[in-house]
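See structure below.
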There are 2 protein chains.
Amino acid sequence: MDRTEIIENTRERVIESISQNMYLYGVSPSIGRLYGTLYFKDKPMTLDEMKEELKMSKTSMSTSVRTLTELNMVEKVWKKGVRKDLYEAKTDWYQIFIDFFSNQWRKVTAMNVKAIKQSRKELTYMLENEVLAESEKQQIQSDIEKYNQILDYYDWLNRLFDFLESDEIFHHVEKRNKWSE
Amino acid sequence: MDRTEIIENTRERVIESISQNMYLYGVSPSIGRLYGTLYFKDKPMTLDEMKEELKMSKTSMSTSVRTLTELNMVEKVWKKGVRKDLYEAKTDWYQIFIDFFSNQWRKVTAMNVKAIKQSRKELTYMLENEVLAESEKQQIQSDIEKYNQILDYYDWLNRLFDFLESDEIFHHVEKRNKWSE
DNA sequence: ATGTTTGTACAGTTTAAACTGTATATAACG
DNA sequence: CGTTATATACAGTTTAAACTGTACAAACAT
């Protein structure tokens with residue numbers, strides 16, 4: 001095994017490890033492997049280069065790159081004279097982590113909040129306008145209380161995301177250069 | 001449509017919304033629906049009751065409950081005289097959120113760190129013990145620098161999890177009772 | 001002990017996600 | 001303008017995940 005091969009293997013191991021773990025961001029291992037590949041290439045890549053490197057279809061590369069773009073993990077770059085689209089990996093993992101929450105989680109919680117408010121509205125209406133048996137009333141009030149607690153939680157979650165998005169978090173959990181220079 | 005049905009529908013909407021969004025925790029919609037169902041039942045449930053309620057197999061209920069238990073979203077409870085296992089939903093979503101990171105994310109980052117340290121070790125060895133062309137040397141040093149940056153990031157991430165796990169986070173992003181009493 | 005009940009392993013089936021190849025729209029170039 | 005190159009929509013295929021039913025092991029009751 002020659003040296004170039006060893007270097008290649010060390011990379012391969014790390015890429016594999018990154019890809020296996022990217023399910024935390026809700027993407028498949030293949031997409032993870034693509035990100036890993038882009039991460040180690042210091043130049044931007046075209047879809048054809050990715051296809052070649054990963055031995056996969058161009059269609060897959062296209063959709064995967066789109067997914068990674070939506071996650072803010074990859075961006076399209078322009079280069080004069082090059083017709084093909086070029087993509088490169090973003091390398092600021094702190095930012096990627098924070099963006100993931102701000103984008104993905106916020107979207108999801110917003111949908112939940114909507115559903116809950118609608119349900120709460122309907123229950124409140126019943127409570128105010130209908131003649132109810134005592135057991136029904138308690139049932140409803142118990143549900144409304146649950147909804148309220150969930151709303152408070154989502155409110156907290158959003159403020160947490162604000163906290164992360166502003167760089168305030170780095171005052172309390174600071175970046176350190178323990179390993180890198 | 002009578003009142004009981006309306007109440008049921010409002011719950012159903014919220015459960016559906018919860019279940020659709022639980023992919024953020026890496027679980028399937030069915031598992032989300034199970035959690036939602038348990039969440040609204042104020043009593044613990046047996047596997048047979050879940051099976052009945054969701055019209056699914058007992059095997060699925062068993063594995064789903066296990067998954068939810070690993071996520072700290074459900075816990076087994078004991079009740080004198082009842083032979084069947086009883087499970088109930090945990091309701092402290094703040095804690096669930098934090099536990100998710102402390103457990104799942106930490107596990108994953110630990111694996112990544114291991115792979116990276118191994119790779120870095122091999123590269124460092126080459127650098128110190130082999131005669132290398134200048135281009136190879138630069139290649140290796142560039143990779144090592146990448147590994148170091150990743151390690152610093154993971155170090156930060158773990159300290160962030162510490163920050164969440166200690167209740168320090170609640171001093172900066174406090175719980176509020178805006179909706180609930 | 002013996003018989004019953006309950007939870008889960010496992011193999012097989014169904015359903016959904018990932019992936020490919022072709023066909024087409026859009027943009028770049030002469 | 002016509003021609004060529006590039007990315008993506010879409011239908012079809014493959015692969016993986018989710019789910020079920022049966023069979024068995026562990027726990028309990030008698």
Side-chain angles (χ1 to χ4, degrees), chain A residues 15-16 18-38 43-71 73-88 104 108, chain B residues 15-16 18-38 43-71 73-88 104 108:
Chain A
I15 289 175
E16 200 53 35
I18 290 172
S19 102
Q20 301 240 346
N21 302 153
M22 288 244 305
Y23 75 92
L24 289 174
Y25 286 114
V27 302
S28 67
S30 306
I31 295 181
R33 206 165 322 116
L34 175 59
Y35 175 77
T37 305
L38 284 164
K43 307 232 168 253
M45 293 177 81
T46 66
L47 292 179
D48 286 313
E49 286 166 347
M50 299 174 201
K51 164 193 152 140
E52 182 55 34
E53 180 108 12
L54 299 180
K55 305 291 179 202
M56 289 180 72
S57 73
K58 198 172 176 181
T59 301
S60 285
M61 297 303 96
S62 178
T63 58
S64 297
V65 152
R66 170 150 60 191
T67 303
L68 287 171
T69 304
E70 281 163 8
L71 280 170
M73 298 187 72
V74 153
E75 65 184 345
K76 195 190 271 196
V77 294
W78 290 96
K79 209 169 161 185
K80 207 160 49 179
V82 179
R83 276 177 68 168
K84 304 188 182 190
D85 292 356
L86 290 168
Y87 298 93
E88 73 181 1
Q104 309 296 124
V108 163
Chain B
I15 289 175
E16 200 53 36
I18 290 173
S19 101
Q20 301 238 348
N21 301 154
M22 287 245 303
Y23 75 91
L24 289 174
Y25 286 114
V27 302
S28 67
S30 307
I31 296 181
R33 207 167 320 116
L34 175 59
Y35 175 78
T37 305
L38 285 164
K43 308 233 169 253
M45 293 177 82
T46 66
L47 292 179
D48 286 313
E49 286 167 346
M50 299 173 202
K51 163 194 154 141
E52 183 55 33
E53 182 107 12
L54 300 181
K55 306 291 180 202
M56 289 181 72
S57 72
K58 199 172 177 182
T59 302
S60 284
M61 296 303 97
S62 178
T63 57
S64 298
V65 153
R66 170 150 60 190
T67 303
L68 288 171
T69 304
E70 281 163 7
L71 279 171
M73 298 187 72
V74 153
E75 65 184 344
K76 196 188 270 196
V77 293
W78 291 97
K79 209 169 162 186
K80 207 159 48 178
V82 179
R83 275 179 67 173
K84 303 188 183 190
D85 292 356
L86 290 168
Y87 298 93
E88 73 180 3
Q104 310 294 311
V108 163

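Values in this document were obtained by computation on a predicted structure and should not be read as measured data. Proteins get letters first, then strands, A, B, ... in listed order; numbering begins at 1 in each.
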ask   = Does A/Ser57 have a side-chain nitrogen or oxygen under 4.0 Å from the phosphate oxygens OP1 or OP2 of C/dT20?
value = yes

inquiry  = Please determine whether a side-chain nitrogen or oxygen atom of A/Ser60 lies at a distance below 4.0 Å from atom OP1 or OP2 of C/dT20.
reply    = yes

How long is the line joining [atom1] of [X] and [atom2] of [N], in whole Å?
X	N	atom1	atom2	result
B/Met56	D/dA18	CE	C1'	8 Å
A/Arg33	C/dC19	CZ	C1'	12 Å
B/Met50	D/dT20	CE	P	15 Å
A/Leu54	C/dA18	CG	C1'	15 Å
B/Trp78	C/dT6	CH2	C1'	12 Å
B/Lys51	D/dC19	NZ	P	16 Å
B/Lys55	D/dC19	NZ	P	17 Å
B/Met45	C/dT6	CE	P	16 Å

remark   = side-chain contact (heavy atoms from CB on, under 4.5 Å) test vs B/Ile31 passes for just one of B/Leu68, B/Val74, B/Val65, B/Leu71, namely B/Leu68

What heavy-atom pair brings [X] and [Y] nearest, and what distance separates the two atoms?
X	Y	result
A/Leu47	A/Tyr87	CD2-CE1, 4.1 Å
B/Met45	B/Glu49	CA-OE1, 3.2 Å
A/Ser57	A/Lys51	C-CG, 4.4 Å

inquiry  = Between A/Ser64 and A/Val82, which residue's closest nucleotide on DNA chain C lies nearer the 5′ terminus?
reply    = A/Ser64

Check nucleotides 24-26 of chain D against the protein and report each pair of N or O atoms closer than 3.5 Å, with its distance, or say if there are none.
none

key: side chain to side chain contact (heavy atoms under 4.5 Å, CB included) partners for A/Ser19, two or more places apart   = A/Glu16, A/Pro29, A/Arg33

note = Value for CG (B/Leu24) from OH (A/Tyr25), rounded to nearest 0.5 Å, stands at 13.0 Å

query = CG of A/Leu86 to OG1 of A/Thr46: how many Å apart, nearest 0.5 Å?
reply = 7.0 Å

query = Are any non-hydrogen side-chain atoms of A/Thr69 and A/Lys76 less than 4.5 angstrom apart?
reply = no

query = Quick one: does B/Leu34's side chain get under 4.5 Å of B/Met50's, heavy atoms only?
reply = yes

ask   = Where along nucleotides 3-17 of chain D does protein come under 4.0 Å, by heavy atom, of base (B) or sugar-phosphate alone (S), with - for untouched nucleotides?
value = -BBSSSBB-------

